[in-house]
Trainee: 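Have a look at the structure that comes next, please.
Heavy-atom basis, side chains included; hydrogens, waters and symmetry copies ignored. Bear in mind the structure is a predicted one, so any value in this text is a computation, not a measurement. Lettering follows sequence order; numbering is per chain, from 1.
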There are 2 protein chains.
Amino acid sequence: MSEQQVGGPQLSRGEFGLLILGLLGRREMYGYEIVAELRRSTEGAIDLPEGTVYPALRRLERDGLIGGHWVEMAGNAPRRRYYRLTQQGEKALAAGREDWLRFKSAADAVLGS
Amino acid sequence: MSEQQVGGPQLSRGEFGLLILGLLGRREMYGYEIVAELRRSTEGAIDLPEGTVYPALRRLERDGLIGGHWVEMAGNAPRRRYYRLTQQGEKALAAGREDWLRFKSAADAVLGS
DNA sequence: ATGGCGTACCTAGAGTCTCTAGGTAGGTCG
DNA sequence: CGACCTACCTAGAGACTCTAGGTACGCCAT
């Protein structure tokens, strides 16, 4: 519990998963929206292909960090699967934020930035 | 060349490789030393096992970013393979630093830190 | 009416990286 | 003698990311 380590099987691993949790920490979103919102809110710096995001969402749901539910749209618009954080996901996000802060200063120390 | 993107096949990919380049940007080092120095200079926040570092060094050398040479030690002490950045490695480090800065602000934007 | 683009979901497979769990070989210390 | 340190190494499993598609529908311009 007092492990202050990140390099192990932490970041640079499920890093993108953490970013998705970060977005979902704000509000419910669906996959296609996450792709766009990630691109938008990072000004294009992070632009994940759908082939990365959809499997990541499946993993996060499988691991109980997010919960998804289908929403039928009016007319013939394609249905959406909205995701929100579970309680476990909230905890994972909090822990992930701390890992990120630690990793960030560690990497800055090494890279001299 | 004007690509301002990191999420692609960039960070969270060869992230640890970049950290190794960062260390080698300071001075020549050998594998076992890198493991220790990484742990030391990040105060334990990043503690890569040898099984991660040695293969990473081989990849970096294979890709021409670092060059290694054996140094025999006095007595029966085990020999060391010292690595230094190549010119290409210097460029990769510079590019990697920029990628890191971009990724950092992007992730901060998403994680709200 | 046809091709292009947009919404929204999905997958298989290849490639890459990280970690575990060892192994080699010698040295020191109690 | 056993434990631990320096240094290097590897194979294999597991995990993640990306490419390159596919499905299905709607809208718009030519």
Side-chain angles (χ1 to χ4, degrees), chain A residues 3 5-21 28-40 46-63 65-66 68-83 96 99 103, chain B residues 3 5-21 28-40 46-63 65-66 68-83 96 99 103:
Chain A
E3 258 313 311
Q5 182 183 340
V6 147
Q10 236 61 290
L11 281 184
S12 132
R13 190 48 123 169
E15 195 147 328
F16 292 160
L18 176 58
L19 293 180
I20 291 175
L21 291 184
E28 240 185 45
M29 292 176 86
Y30 56 98
Y32 197 78
E33 185 185 15
I34 288 174
V35 171
E37 179 60 21
L38 209 43
R39 184 168 37 223
R40 197 196 62 73
I46 293 175
D47 189 2
L48 301 183
E50 298 177 24
T52 295
V53 171
Y54 287 116
L57 287 169
R58 294 196 157 289
R59 282 194 299 275
L60 291 171
E61 186 167 24
R62 181 201 61 194
D63 297 343
L65 303 184
I66 64 180
H69 53 104
W70 288 107
V71 175
E72 297 298 329
M73 304 307 290
N76 277 344
R79 61 184 188 164
R80 303 171 177 170
R81 188 163 178 84
Y82 276 90
Y83 293 95
D99 286 346
F103 180 79
Chain B
E3 258 312 313
Q5 183 184 341
V6 146
Q10 235 60 289
L11 280 184
S12 135
R13 192 44 121 171
E15 194 146 328
F16 291 160
L18 177 58
L19 294 180
I20 291 175
L21 291 184
E28 242 186 42
M29 293 176 86
Y30 56 98
Y32 197 79
E33 185 185 13
I34 288 174
V35 172
E37 180 60 20
L38 209 43
R39 184 169 35 221
R40 197 196 61 74
I46 293 175
D47 188 2
L48 301 182
E50 298 176 24
T52 296
V53 171
Y54 287 116
L57 287 169
R58 295 196 155 287
R59 283 195 299 274
L60 292 170
E61 185 166 27
R62 181 201 62 193
D63 296 344
L65 303 184
I66 64 179
H69 54 104
W70 287 107
V71 175
E72 297 298 330
M73 305 308 290
N76 276 346
R79 61 184 189 164
R80 302 172 177 170
R81 188 164 179 84
Y82 275 91
Y83 293 95
D99 286 347
F103 181 79

Trainee: When the distance from CE of A/Met29 to C1' of C/dC9 is rounded to whole Å, what number comes out?
Mentor: 16 Å
Trainee: Among C/dC17, C/dC9, D/dA7, find the nucleotide with the atom closest to the side chain of B/Arg62.
Mentor: C/dC17
Trainee: Where each residue is assigned the nucleotide of DNA chain D containing its nearest heavy atom, which of B/Tyr83 and A/Ala56 is assigned the position nearer the 5′ end?
Mentor: B/Tyr83
Trainee: Would you mind reading off the distance between A/Ile46 atom CD1 and D/dT17 atom P, rounded to a whole angstrom?
Mentor: 11 Å
Trainee: Using only side-chain N and O atoms of B/Tyr30, determine if any of them is under 4.0 Å from OP1 or OP2 of D/dC8.
Mentor: no
Trainee: For C/dC9, take OP1 and OP2 only and decide whether either is under 4.0 Å from a side-chain N or O of A/Tyr32.
Mentor: no
Trainee: State the CD-CZ distance between A/Glu15 and B/Phe103, to the nearest 0.5 angstrom.
Mentor: 3.5 Å
Trainee: Nearest 0.5 Å, what's the CD1-CD distance between A/Ile66 and A/Glu28?
Mentor: 11.0 Å
Trainee: Would you mind checking if A/Glu61 and A/Arg58 are paired as a salt bridge, meaning a charged N to carboxylate O distance below 4.0 Å?
Mentor: no
Trainee: What's the CG-C1' distance between A/Leu48 and D/dC16, to the nearest Å?
Mentor: 12 Å
Trainee: Answer yes or no: is there a donor N or O on one side and an acceptor on the other, between the side chain of B/Arg79 and the main chain of B/Trp70, under 3.5 Å?
Mentor: no
Trainee: Side chain of A/Arg80 only, please: which of C/dT7, D/dA7, C/dT20 is the nearest?
Mentor: C/dT7
Trainee: Starting at CG of A/Leu57, measure out to CE of A/Met29 and round the result to the nearest 0.5 Å.
Mentor: 10.5 Å
Trainee: Quick check on D/dC8: is either OP1 or OP2 less than 4.0 Å from any side-chain nitrogen or oxygen of B/Tyr54?
Mentor: yes
Trainee: Say you draw a straight line from CZ of B/Arg59 to CD1 of B/Ile20; how long is it, rounded to the nearest 0.5 Å?
Mentor: 8.0 Å
Trainee: Side chain of B/Arg81: nearest nucleotide among D/dC8, C/dC10, D/dT17?
Mentor: D/dC8
Trainee: Distance check needed: C/dA8 P versus A/His69 NE2, whole Å only.
Mentor: 15 Å
Trainee: Looking at D/dC8, C/dT7, C/dT11, which one has an atom nearest to any side-chain atom of A/Arg58?
Mentor: C/dT11
Trainee: Given D/dA7, C/dC9, D/dT17, identify the nucleotide with an atom nearest to the side chain of A/Arg59.
Mentor: D/dT17
Trainee: Between atom CG in B/Leu57 and atom P in D/dA7, what is the gap in whole Å?
Mentor: 15 Å
Trainee: Atom CZ of A/Arg79 and atom P of D/dG26: how far apart are they, to the nearest Å?
Mentor: 16 Å
Trainee: Check every atom of C/dC9, C/dT18, D/dC9 against the side chain of B/Trp70 and return the nucleotide holding the closest atom.
Mentor: D/dC9
Trainee: With a 4.0 Å cut-off on heavy atoms, is A/Gly51 in touch with a base, just the backbone sugar-phosphate, or nothing at all?
Mentor: base
Trainee: Enter the distance from A/Leu19:CG to A/Ile34:CD1 here, rounded to the nearest 0.5 Å.
Mentor: 11.0 Å
Trainee: Between atom CD in A/Glu72 and atom C1' in D/dC25, what is the gap in whole Å?
Mentor: 14 Å
Trainee: Taking the inter-plane angle between the rings of B/Tyr30 and B/Tyr82 on a 0 to 90° scale, is it parallel (under 30°), tilted (30 to 60°) or perpendicular (over 60°)?
Mentor: perpendicular
Trainee: Which letters describe nucleotides 22-30 of chain C, given B = protein heavy atom under 4.0 Å from base, S = only from sugar-phosphate, - = neither?
Mentor: ----SS---
Trainee: Tell me: CZ of A/Phe103 to P of C/dT18, nearest whole Å?
Mentor: 10 Å
